[in-house]
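Comments concern the structure below.
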Amino acid sequence: MKKNLFNSKFFTAAVMLSIFSFMGCGGGEGGGKTDSTAAASSSGDDNALIGAGSSFDNPLFSKMFSEYNKMNGLKVNYQSVGSGAGISQLTNKTVDFGASDAPMNGKQDSAVSAPVLHIPVTAGAVALSYNLAEVKDTLKLTPTILAEIFLGKITKWNDPKIVAANKGVKLPATGIVVAHRSDGSGTTNIFTTYLSKVNEDWSAKVGKGSSVNWPVGLGGKGTEGVAGMVKQTPGAIGYIELAYAIQNNMAYAKVQNKAGNFITPTIASVTAAANITIPPDSKISLTNTEAADGYPISGFSWVLIYKDQKYNSRSSDRAGKLLNLISWMIHDGQQYSSPLTYAPLSPAAVAVADAILKSATYDGKAILQ
């Protein structure tokens, strides 16, 4: 039976660590705004923009927006609320931009009042972080092991399948505690898309999406929440953005890719996975890469904006500031990716992002030339 975080003994510790983890990742730069605050800001001060969505992006966005503010004084308040909530707030027009690690789906497209552009801004790795203090070696996980852990079929860390993949490593008989997202999440979409590609049982019983019916585990809100549960719970495993694992000194596994190689999530292995042809709308999955040195659970993340920026009494000045910000993010802002373990956009991805951004209009007229 699926457990709920709110009646779990781990709730208090997870929430507290989520707060400290978020602050350590620079969350104080733009987190914590409410929808009403966002709506007020969105209709008021043109020198303060509001964004919401992906917690996967939050460490990078916090740095980018801080640096951009130093340059020109523009304030960007970013709510790390998860991709699903970010899309919802964009749909309700209470934010200037959303951010998601998964493209909007058909249902979300039909809910918005006008076309939405997807501008790729970064690529990153979904790391499998675990809490096994007695295990000093980096664990190796195969696609089968991962799927069966999250299906609830493998329940102990010394299961023969895990032992076989980790020869020479003394694994404890500790029970496995699965930690997953409780909110709509692009990170969940990346992870479940990967599992659906590599495991027929997972594809048939659970499938892919930003929200799924998890067979087992505890739910945490945001990447911060999952990271908090894993760090505080012996025997736990959860999927989080690589930056959170590194910044919080958490162990994370090597994952076997399609070529049979066990790959550590790094900038280089994400870059290898992202070395593909990008379609004009930029909507593409990087999971289960063909690249022999590519990390198999990688993904793009997108900033989402309305194609025509004249709505809700928005000024042309506000629209221009938003597009100039995003243009800076996909160009000069990429210098902050590598230090935070995100993969900078490739020249091909930047070219696609530029073309998409230049298609944005204000009252039908191009904003950027």
Can you tell me if [X] uses its side chain to pair, donor with acceptor, with the backbone of [Y] under 3.5 Å?
{"X": "Asn261", "Y": "Ala292", "answer": "yes"}
{"X": "Gln334", "Y": "Met329", "answer": "yes"}
{"X": "Asn92", "Y": "Thr94", "answer": "no"}
{"X": "Thr266", "Y": "Ser269", "answer": "yes"}
{"X": "Asn324", "Y": "Gly320", "answer": "yes"}
{"X": "Asn131", "Y": "Val230", "answer": "yes"}
{"X": "Asn47", "Y": "Gly73", "answer": "yes"}
{"X": "Ser210", "Y": "Gly84", "answer": "no"}
{"X": "Asn257", "Y": "Gly294", "answer": "yes"}

Side-chain contact, heavy-atom cut-off 4.5 Å: [X] with [Y]?
{"X": "Val206", "Y": "Asn213", "value": "no"}
{"X": "Ile267", "Y": "Tyr295", "value": "no"}
{"X": "Pro296", "Y": "Lys258", "value": "no"}
{"X": "Leu304", "Y": "Phe97", "value": "no"}
{"X": "Leu357", "Y": "Ile305", "value": "yes"}
{"X": "Leu74", "Y": "Leu49", "value": "yes"}

Which pairs, with at least one residue in residues 191-201 and sequence neighbours excluded, count as a side-chain hydrogen bond (donor to acceptor under 3.5 Å, both in side chains)? Lys153-Asp201, Asn189-Thr193, Lys197-Ser285, Lys197-Thr287, Asp201-Lys205
Applying side-chain hydrogen bond (donor to acceptor under 3.5 Å, both in side chains), which residue pairs with at least one partner in residues 298-307 are found, sequence neighbours left out? Asp57-Ser301, Asp101-Ser301, Ser282-Trp302
Nearest atoms (heavy-atom pairs only) where [X] meets [Y]:
{"X": "Ile87", "Y": "Met104", "answer": "CD1-CG, 3.8 Å"}
{"X": "Ala179", "Y": "Met229", "answer": "CB-CE, 3.9 Å"}
{"X": "Gln369", "Y": "Lys358", "answer": "O-CE, 4.0 Å"}
{"X": "Gln309", "Y": "Ala319", "answer": "CB-CB, 3.5 Å"}
{"X": "Val81", "Y": "Ala52", "answer": "CG2-CB, 4.1 Å"}
{"X": "Leu117", "Y": "Ala360", "answer": "CD1-CB, 3.9 Å"}

Audit row: Phe300, Thr122, side chain to side chain contact (heavy atoms under 4.5 Å, CB included) steps and yes/no: CA-CA 6 Å; Phe300 279 122; Thr122 193; over 6 Å; no
Applying side-chain hydrogen bond (donor to acceptor under 3.5 Å, both in side chains) to Thr361 and not counting sequence neighbours gives Asp308
Holding to ring-ring contact (aromatic ring centres under 6.0 Å, His included), I want the full list of residues that pass it with [X], two or more places apart in sequence or in another chain.
{"X": "Trp157", "result": "none"}
{"X": "Tyr68", "result": "Trp328"}
{"X": "Phe150", "result": "Phe191"}

Check salt bridge (Lys or Arg N to Asp or Glu O under 4.0 Å) between [X] and all other residues, then give those that pass, not counting sequence neighbours.
{"X": "Asp363", "value": "Lys310"}
{"X": "Lys107", "value": "none"}
{"X": "Asp183", "value": "Arg181"}
{"X": "Lys161", "value": "Glu148"}

Salt bridge flag under 4.0 Å for residues Asp317 and Lys321: yes
Using a strict threshold of under 4.0 Å (side-chain N to carboxylate O), is an ion pair present between Asp45 and Lys75? no
Check step by step if side chain to side chain donor-acceptor pair (under 3.5 Å) holds for Lys93 and Ser113. CA-CA 10 Å; Lys93 298 180 178 177; Ser113 60; 2.9 Å; yes
Would you compute the distance between atom [atom1] of [X] and atom [atom2] of [Y] and round it to the nearest 0.5 angstrom?
{"X": "Glu290", "Y": "Asn275", "atom1": "CD", "atom2": "CG", "answer": "13.0 Å"}
{"X": "Leu195", "Y": "Ile190", "atom1": "CG", "atom2": "CD1", "answer": "12.0 Å"}
{"X": "Asp354", "Y": "Ser327", "atom1": "CG", "atom2": "OG", "answer": "6.0 Å"}
{"X": "Met250", "Y": "Ser129", "atom1": "CE", "atom2": "OG", "answer": "3.5 Å"}
{"X": "Asp159", "Y": "Ile162", "atom1": "CG", "atom2": "CD1", "answer": "5.5 Å"}

In the hydrophobic clustering that connects Ile, Leu, Val, Met, Phe, Trp and Tyr at side-chain heavy-atom distances below 4.5 Å, which members other than Tyr252 occupy its cluster, ordered by chain and number? Leu242, Ile246
If hydrophobic clusters are built from ILVMFWY residues whose side chains come within less than 4.5 Å, do [X] and [Y] share one?
{"X": "Val270", "Y": "Leu141", "answer": "no"}
{"X": "Ile330", "Y": "Leu286", "answer": "yes"}
{"X": "Phe262", "Y": "Ile154", "answer": "no"}

Verdict with reasoning, Asp96 to Arg318, per side chain to side chain contact (heavy atoms under 4.5 Å, CB included): CA-CA 9 Å; Asp96 295 287; Arg318 188 180 193 89; 2.8 Å; yes
Between [Y] and [X], is there a side-chain donor-acceptor contact under 3.5 Å, judged purely by atom types and distance?
{"X": "Glu241", "Y": "Ser55", "result": "no"}
{"X": "Thr188", "Y": "Tyr239", "result": "yes"}
{"X": "Glu67", "Y": "Gln335", "result": "no"}
{"X": "Ser88", "Y": "Thr91", "result": "no"}

Pairwise ring pair (Phe, Tyr, Trp, His ring centres under 6.0 Å) hits with a residue in residues 330-369, at least two apart: none
Any chance NZ of Lys283 has more than 12 other-residue heavy atoms, nucleotides or ligands included, within less than 6.0 Å? yes
Chi angles and distances behind the side chain to side chain contact (heavy atoms under 4.5 Å, CB included) call for His180, Val216: CA-CA 9 Å; His180 58 74; Val216 294; over 6 Å; no
Would Ile276 and Ile278 satisfy side chain to side chain contact (heavy atoms under 4.5 Å, CB included), going step by step from the backbone distance to the final call? CA-CA 6 Å; Ile276 57 176; Ile278 313 296; 4.1 Å; yes
